[in-house]
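Scroll down for the structure; my scribbles are underneath it.
Here is the naming used below: chain letters follow the sequence lines, and residue numbers restart at 1 for every chain. In this text, all values refer to a predicted model and were calculated from it rather than measured experimentally.
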Amino acid sequence: MKMSKVVLLGRLRDIAGWRERALDPPPATLAALRDLLSSEDPVLGEALAGRGVQAAVNKALARGDVALQPGDEIAFLPPMSGG
Amino acid sequence: MKMSKVVLLGRLRDIAGWRERALDPPPATLAALRDLLSSEDPVLGEALAGRGVQAAVNKALARGDVALQPGDEIAFLPPMSGG
Amino acid sequence: MAVRVQTEPFDAGRLLGDFSAGRLEAGGIVSFTGIARDATGGSAVTLLELDAYPGFTEPAIEAMEADARARFGVQDLLVVHRHGPIRPGEAIVFVAAAAEHRRAAFDAVDFLMDRLKTEAPFWKKERGPDGDRWIEPRAPDYQDMERWSRAFSDEVEPAASSDTAPKDMSR
Amino acid sequence: MAVRVQTEPFDAGRLLGDFSAGRLEAGGIVSFTGIARDATGGSAVTLLELDAYPGFTEPAIEAMEADARARFGVQDLLVVHRHGPIRPGEAIVFVAAAAEHRRAAFDAVDFLMDRLKTEAPFWKKERGPDGDRWIEPRAPDYQDMERWSRAFSDEVEPAASSDTAPKDMSR
């Protein structure tokens with residue numbers, strides 16, 4: 001089974017103390033992944049649930065809960081700002 | 001007595017066929033100058049009275065009629081457009 | 001006063017580079033470059049000729065620049081305007097503004113271009129195979145300028161040239 | 001697609017020079033250059049760090065550029081955006097638009113900057129003697145972006161990030 005990857009961006013990296021993490025096997029849904037990360041690190045869990053934080057699955061924004069497949073790359077994105 | 005100068009800008013130059021002209025002695029007022037130029041060249045006179053054409057005396061815009069002094073420089077300015 | 005009225009061609013990229021260099025306090029720089037086109041309204045243009053009225057044109061543009069500097073919270077402004085013969089593809093005007101926040105820089109350049117288009121003392125002739133044409137401000141130019149009169153209606157006196165703009169154009 | 005996302009420093013003047021060269025049909029070119037400041041809100045900044053999310057950031061900016069190209073009557077657009085470490089005084093972003101009429105060029109650059117400020121997938125950290133600070137869009141950035149939703153209300157779906165913008169900021 002192909003490993004899944006979790007990617008944190010921006011301030012989430014500082015909060016968690018990591019940038020990328022492999023998950024084998026991955027949770028079945030985005031909600032389950034949030035629960036898993038939150039149970040391990042409640043402060044990160046709170047940050048992930050914070051306003052403006054979005055999730056992307058395989059580099060496409062995910063709205064609400066979605067199913068995850070082995071090999072997926074899941075990213076958590078705080079509010080974005082370029083320029 | 002110092003000569004006065006009349007300057008035409010933009011399309012007025014093409015209409016009149018001249019750009020600058022000395023006047024000695026100058027008319028006493030801007031209105032008299034317009035009358036003089038118009039009597040010599042009615043097509044120019046009509047252009048000077050056209051909408052958007054302004055007059056400047058000594059490089060300052062003149063509103064309405066004003067008195068002219070010897071040595072004055074009088075310019076007629078069609079609508080301006082830079083950029 | 002960062003205003004230059006000149007007959008020499010200029011390089012907009014170099015002007016922006018020089019204007020931007022060493023700015024540690026500006027968040028944003030906006031520039032506008034106006035370029036002579038090779039055709040207008042379907043007619044070819046081989047040369048653009050801008051007349052200026054020396055001694056009258058420069059102070060008028062300096063007054064516009066000072067007005068823009070006072071109205072908008074900009075740190076710096078630059079206006080470079082050519083006159084004389086200008087070939088298609090060459091720059092006619094360059095305006096740049098540096099400001100802490102980008103809105104002020106956009107507004108200052110936008111405002112200056114609207115004023116230059118309707119009030120800068122230049123007279124433009126396009127030369128081409130179909131003959132010569134004198135170019136005067138277009139209705140949209142007067143309408144663009146009016147946006148600022150509305151925005152600042154209690155502090156601005158009517159501009160000299162919009163006073164005398166044709167009634168059906170200035171609407 | 002004229003979008004570049006890069007870690008290498010760039011010279012805004014040279015970009016404008018290259019973008020302007022040989023344009024015989026464009027009447028106007030508007031550019032915006034965003035520069036890293038040496039202080040924000042009274043706190044010194046010694047280094048700005050922009051994170052990108054490779055494979056996600058580039059397509060998001062390409063979509064913005066394509067959107068701006070379709071909305072405004074522009075002839076050409078260029079967006080160059082840096083990420084990685086950026087020193088004060090260096091350019092972060094350069095946006096340029098060429099159009100027959102200046103209004104379209106101003107609008108396209110203004111719109112793209114508003115979208116980049118509120119939706120471009122970058123995450124900014126300012127480093128300085130007072131510590132590190134993550135920078136997120138400010139209330140005026142969301143308000144600036146909302147101007148375009150009003151202007152295009154019947155053809156635009158809400159932007160992803162303004163959906164999730166704090167209610168008290170996006171008003």
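- Comparing C:A21, C:G22, C:G27 by how many heavy-atom pairs each has under 4.5 Å with chain D, the most go to C:G27.
- Of the atoms belonging to C:V95, not a single heavy atom falls under 4.5 Å from chain D.
- For chain D, the nearby part of C:A26 is the backbone; its heavy atoms alone come within less than 4.5 Å.
- Ranking D:V30, D:L15, D:I92, D:V93 against chain C, the residue ahead of the rest is D:V30, based on heavy-atom pairs under 4.5 Å.
- Proximity to chain C (any heavy atom under 4.5 Å) is shown, for D:F19, by neither the backbone nor the side chain.
- Legend: residues meeting ring pair (Phe, Tyr, Trp, His ring centres under 6.0 Å) with C:F32, ordered by chain and number and at least two apart, are D:F106.
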So between chain C and chain D, what donor-acceptor pairs come in under 3.5 Å?
{"unit_1": "C:L24", "atom_1": "O", "unit_2": "D:D38", "atom_2": "N", "d": "2.9"}
{"unit_1": "C:G27", "atom_1": "O", "unit_2": "D:I35", "atom_2": "N", "d": "2.9"}
{"unit_1": "C:I29", "atom_1": "N", "unit_2": "D:T33", "atom_2": "O", "d": "2.8"}
{"unit_1": "C:I29", "atom_1": "O", "unit_2": "D:T33", "atom_2": "N", "d": "2.8"}
{"unit_1": "C:S31", "atom_1": "N", "unit_2": "D:S31", "atom_2": "O", "d": "2.9"}
{"unit_1": "C:S31", "atom_1": "O", "unit_2": "D:S31", "atom_2": "N", "d": "2.9"}
{"unit_1": "C:S31", "atom_1": "OG", "unit_2": "D:S31", "atom_2": "OG", "d": "2.5"}
{"unit_1": "C:T33", "atom_1": "N", "unit_2": "D:I29", "atom_2": "O", "d": "2.8"}
{"unit_1": "C:T33", "atom_1": "O", "unit_2": "D:I29", "atom_2": "N", "d": "2.8"}
{"unit_1": "C:I35", "atom_1": "N", "unit_2": "D:G27", "atom_2": "O", "d": "2.9"}
{"unit_1": "C:R37", "atom_1": "NH1", "unit_2": "D:E100", "atom_2": "O", "d": "2.6"}
{"unit_1": "C:D38", "atom_1": "N", "unit_2": "D:L24", "atom_2": "O", "d": "2.9"}
{"unit_1": "C:E100", "atom_1": "O", "unit_2": "D:R37", "atom_2": "NH1", "d": "2.6"}
{"unit_1": "C:R102", "atom_1": "NH1", "unit_2": "D:D141", "atom_2": "OD1", "d": "3.2"}
{"unit_1": "C:R102", "atom_1": "NH2", "unit_2": "D:D114", "atom_2": "OD1", "d": "2.8"}
{"unit_1": "C:R103", "atom_1": "NH1", "unit_2": "D:D110", "atom_2": "OD1", "d": "3.4"}
{"unit_1": "C:R103", "atom_1": "NH1", "unit_2": "D:D110", "atom_2": "OD2", "d": "3.2"}
{"unit_1": "C:R103", "atom_1": "NH2", "unit_2": "D:D110", "atom_2": "OD1", "d": "2.8"}
{"unit_1": "C:D110", "atom_1": "OD1", "unit_2": "D:R103", "atom_2": "NH1", "d": "3.4"}
{"unit_1": "C:D110", "atom_1": "OD1", "unit_2": "D:R103", "atom_2": "NH2", "d": "2.7"}
{"unit_1": "C:D110", "atom_1": "OD2", "unit_2": "D:R103", "atom_2": "NH1", "d": "3.3"}
{"unit_1": "C:D114", "atom_1": "OD1", "unit_2": "D:R102", "atom_2": "NH2", "d": "2.8"}
{"unit_1": "C:D141", "atom_1": "OD1", "unit_2": "D:R102", "atom_2": "NH1", "d": "3.2"}

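- Note on D:L24, D:V109, D:L16: by heavy-atom pairs under 4.5 Å with chain C, the leading option is D:L24.
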